[in-house]
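So you know, we letter chains A, B, ... as the sequences are listed, proteins then strands, and number each from 1.
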Amino acid sequence: MANMCPYGRFTHAVVRGVPETFGKAVGDENREVTVDLAKAQRQFGCLTGALRQKVGLQLIEIPPDPELPESWRIEDVAVIQGDTALITRPFKQQRRSEAEAVRRVMSELNLTVVEMGGEQGDSGGATLEGSDVLFTGREFFVGVSSHTNRRGAEVLADTFRDFAVSTVPVCGGARLKDVCSMGGPGTIIASNTDGAKKTLRMMEQLTDHHYEVLTVPEESAANCIYVKGPSKRDFLLHRPAEECPESVSAFQKLQDYTLLPTAASEASKLGASLSSLCLLINRKHTHF
Amino acid sequence: MTTEAGSETEVKENAEESAAQPDQSEKTKQEFEEVANAEGEEKEKEKEKDGKGISRYLPTWFKKQKSQSQTSPTKEDQSTEEPASKTAEEEESPVPEVNGHAEEVEEKEQVKLDQAKETEAESHSNASADTEPAKEEKVDENVEKSSDETKETKEVEGVEEEKKEKGQVEAEREGGDNQTSIFQSPLRLVRKTKMKVVVCHITLLDGTDFTCEVEKRAKGQYLFFKVCEHLNLLEKDYFGLTYKDNHEEKCWLDPTKEIKRQIRSNNWQFAFNVKFYPPDPSLLTEDITRYLLCLQLREDVASGRLPCSFVTHALLGSYTLQAEFGDYEPDQPRPLDFINQLTFAPNQNKEMEEKILELHKSHRGMTPAQADLQFLENAKKLSMYGVDLHHAKDSESVDIMLGVCANGLLVYKDRLRINRFAWPKILKISYKRNNFYIKIRPGETEQFESTVGFKLQNHRSAKKLWKVCVENHSFFRLNTPEPPTKARFLTLGSKFRYSGRTQTQTRLASSLIDRPAPNFERTSSKRISRSLDGAPAISITEAGRDMAENGHEPHLELHSDSKVKEMDLSLGDVEAMPPQSPGCSEPGHSQDHDKTQDEVLKHQASISQLKRSFMEAPPPSPPQLNQWENRLTSSPASVRVQLQHVVDVPQTEAASPDNTVSETKEPAKTTKVEIEETVVIQEVSKATKPGLVTIATSCADDASPAEEQETQEERVRAEEEVVAAEEASERMTESVSSESESEDEAEYHADISVSISQTQIPEEMEEEVELEEEDEDKGVEEQVSALDAPSLPAEVSHPTEETIAEEEQFIMEETDVEEEKGSEQEVEESTEDPMVTPDEAPDSLPPPEENRVVTPKEEEEPKVNGEALLVEVEPRPQVICCSEPPVVKTEMVTISDTFAAQKTEIATKEVPIVHTETKTITYEAAQLDSNGDGEPGVLMTAQTITSESLCTTTTTHITKTLKGGLSETRIEKRIVITGDCDIDHDQN
């Protein structure tokens, strides 16, 4: 179909800066954690630098908004495939205004913006966050989690009609992208926790395709960013050895990859991870 | 996707009335012909028509409205008759042929005569400008006379009246047919003198209507081949014909059954559709095939049946434009002028059209064939490509959709995929009443297989879903070459099976297509012209959305009886590799070197038959299966064949007993017990050898004292299912039920659930098959002889098919049995295969009385026509045997040449696959009449089957006891696997 191409070809990345209110989100249950704002911003800078300079993506950075303490988790706000961007409806009410700026950027990029809320109308209850959506290049998996419900997944399925959209359970308050992420066009990186295994088993059951699974021992290592950059090389941004000492060797199994260890310890404290920090877009469409 | 059809076709017809008219006229003519035997009557008619004057030229529907008469749809179509077109039509329309090949030969002459008559009649009619003249068929005068009389009277009344009349007449004819069927065997009935011809209207994928005549008792295959011939289509296995049943649901026309019995209405209206969407259209050999697939997909997309995004809609639309209209020409009047008359998407809008045009420009230089290919390459990636959706509810009564596709069964809730069962994971598919079940292979961590049930709208829906699953599994799954270590097995409990070629086979066959790419006309010209005419530019209608074939109609079955049909799928699907030469290729070519043994065997499709299928209209491949089935069915005990690799047909049905059972129907369930064991059948095809080798070992069958048989199948290896007596009984009825859909809806009885367990047997067993074979041959002399008989395989197959059909009828209708027997005999005669007939005939006659224990024998059928036929040993129903030497050895039989003439020997030694020993002890009540009741507490049979392969040793104990009409069968299996084999099951 028109939009189908191997996963990983991106031309743009959209990020949003880390505000001073980082870690001060209202209603965060568990956030007794102390975060280091400066460190978080440094890590953010490293990430964006890697995407721009190493990988070679065009980077669009939306300035931080102190009013939106979680706006840096930009992945949640939109699901982009091909030239369609679905503006999601995050679980937390206060996050829904984060979409504003993102929507604007999407329009500027000439993406077809689909509003989840609008389509819903009365159905109201649909929630969907990008960190619960795994797009493999061939199909979508939507983790039905604490933040994403089935109704939200239906909206996604209705938006991206070319693709199979499967729902999989995500256990333990995690997000789908916490337990697995793409490590290549046909490769899924997953942790070997029980919850991840369960989710992965379901994915295997539901898919028509075959994926290689790269299992990493640490849960936090399962979230990576894979990009096949303009240079046609395979880049993998993953957590560095300091954060996931045991998983680094697993990544080295990936042949001919350019590994880019990228720290995200501060974001991680808030339940986020590498992929949470960016939206990846491909503006070069090839029909074939 | 089965569902879409009906309304669309109708709409199209309307659109294309002009085209359709001649057909209709023919039809009417036909009807008239049949009805009117006397010339005088005809004359009257003619006069009347003349008198009709203008009215004739008005569309029927128009007339109807005036008259307000409730006419059947077919009548509506009637319109003015244009003599010229008519004649042309006539010429075009293929001569009605008899189903049987053998018959064809005999009857061709007849046909010619008939044709001549027809032409005469036509000319006559032309002169009179009307249709009725033909009197070719003066069949069933009794019946028809009455109808004629009535008709005459009514004719006077008026045109509209006549139309109504026609409907009535048809109905009467139907009745007449039934009667006749009683006396005549379905096959041969139609001898020269009496060929009832019916005009069929087939809506083609381009929206045009194709009309052809078929003999009234023709099987679906005949019509299908006619259509394919008209389309110049060789890769026909991906396609099928649909009709609308009484509930306005689209159903696939079963090629192996009579059309009349399926459509159950006077509306001989069909649609040509893609039945199996090839996962990779680029592998299709011919552009024309791709083109037809494109047409189907365009319709699927435009109707919304195949959902896709805006961009994809635009892209697909642009390829359509390129294929139909060629390069974008800026000079031409803007394409937008007509583009909005084309339907590309359900929610098409200006924006989309502009996008389509924009993309169209980028396709400059692309040939139509390339554009089609690009279209398909994009369409095939859509997630719903080739998914046939059925409405259902899950166990919690939540509305879901079940999607059947090449890979398995998908479960959707709304648009979300919530579960998926790949074919390899599915062990058995069954339905019972409106419940649909799949048995799932246990995962690594699970110990037991689980069964998942879904509720469908009604029984018909469940059955339809089941059939679709069976067919898709057969077509797609059996193709896939499996690693030799894994054998997959497919067993169907009901008679119904996919009768065509598998994808692998069809690919092979099409690879042998050797003809210049046929020229075919794309629809663009038609469409454009049409649009110019102001007629609907595109035939695509909205009808599509009726995915719910399942039938929304609340059709409840009242019968307490449930039918159960099951299909067992085991891993080792066998692929049949029969090399087929599509058109003319010689047998020698078709070898698969690549194919593993597994692949090869499976279908014992005779190559020649395949060839024939290509060449001829008559059903090629199916016959083989049918044969097998027949045998199975015919023998009182169901024979189970286990093939190491897939055997499609392993199912056995006890035909004769069934028949009796069917009569008794429900009570039968409890009483009947059959145990069948088949130990192992292996088919090995050597890569080099085109021929398929099949070794079937059929094991003991027990006839239940009561009359019924239950067949149990065990698989040495994989799972067995113990079929409860109930199931068995059900199964018996099953065959009935399958037909019942077409014929009797009211009769749904329990079907016998057949479970076939498969065993994979490692290939190592070398047994002397030959010796055993000889034994078997002796035992099975009949069959063997049949096989050996010089008769062409095709012929053989035919008779078998017919016989099957007959048997079915048997089941269906008790009264018919006698007739059928007669027919069978006739068939035999006609077929020239004395050998075959004898077997079948006895089989067909259902003497329920006896039980037979058949010790496992191995049969090879080597090679009737170069193809190995599976010979199953089927005990006559009444023989009670204690077969002692139940050692069944299965070996690999290799036939050097698949082609009939060539194969000389079957080498059993080369690949010893399975060694099986079976001991059967049967205590049987003395005679079992068909009606006999089982004696309570009687130990019917005890069997022990041991099979050894390199890796596995399987011991199966089967004990049957009859208690007060209930048969209890206990099967214990122990499988010890030493090697790699996967299977390890204990079952009771």
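Using the six-membered ring where Trp is involved, B:Y385 and B:Y277 have ring planes that are perpendicular, over 60° apart on the 30 and 60° scheme. Ring geometry for A:F10 versus A:Y7: interplanar angle over 60°, hence perpendicular rather than tilted (30 to 60°).
Residue B:L316: no heavy atom, backbone or side chain, is found under 4.5 Å from chain A. There is no contact between A:T112 and chain B, counting heavy-atom distances below 4.5 Å. B:N419 touches chain A through backbone and side chain together, each having a heavy atom under 4.5 Å away. Using a 4.5 Å cut-off between heavy atoms, A:R201 does not touch chain B at all.
With respect to the salt-bridge test (charged N to carboxylate O, under 4.0 angstrom), the residues A:D83 and A:R283 do not qualify.
Looking at A:S247 and A:E218, their side chains do bring a donor and an acceptor atom within 3.5 Å of each other. B:S318 and B:H363 form a side-chain donor-acceptor contact under 3.5 Å, judged by distance and modelled atom types alone.
Interface summary for chain B: among A:R150, A:E154, A:M202, the most heavy-atom pairs under 4.5 angstrom belong to A:E154.
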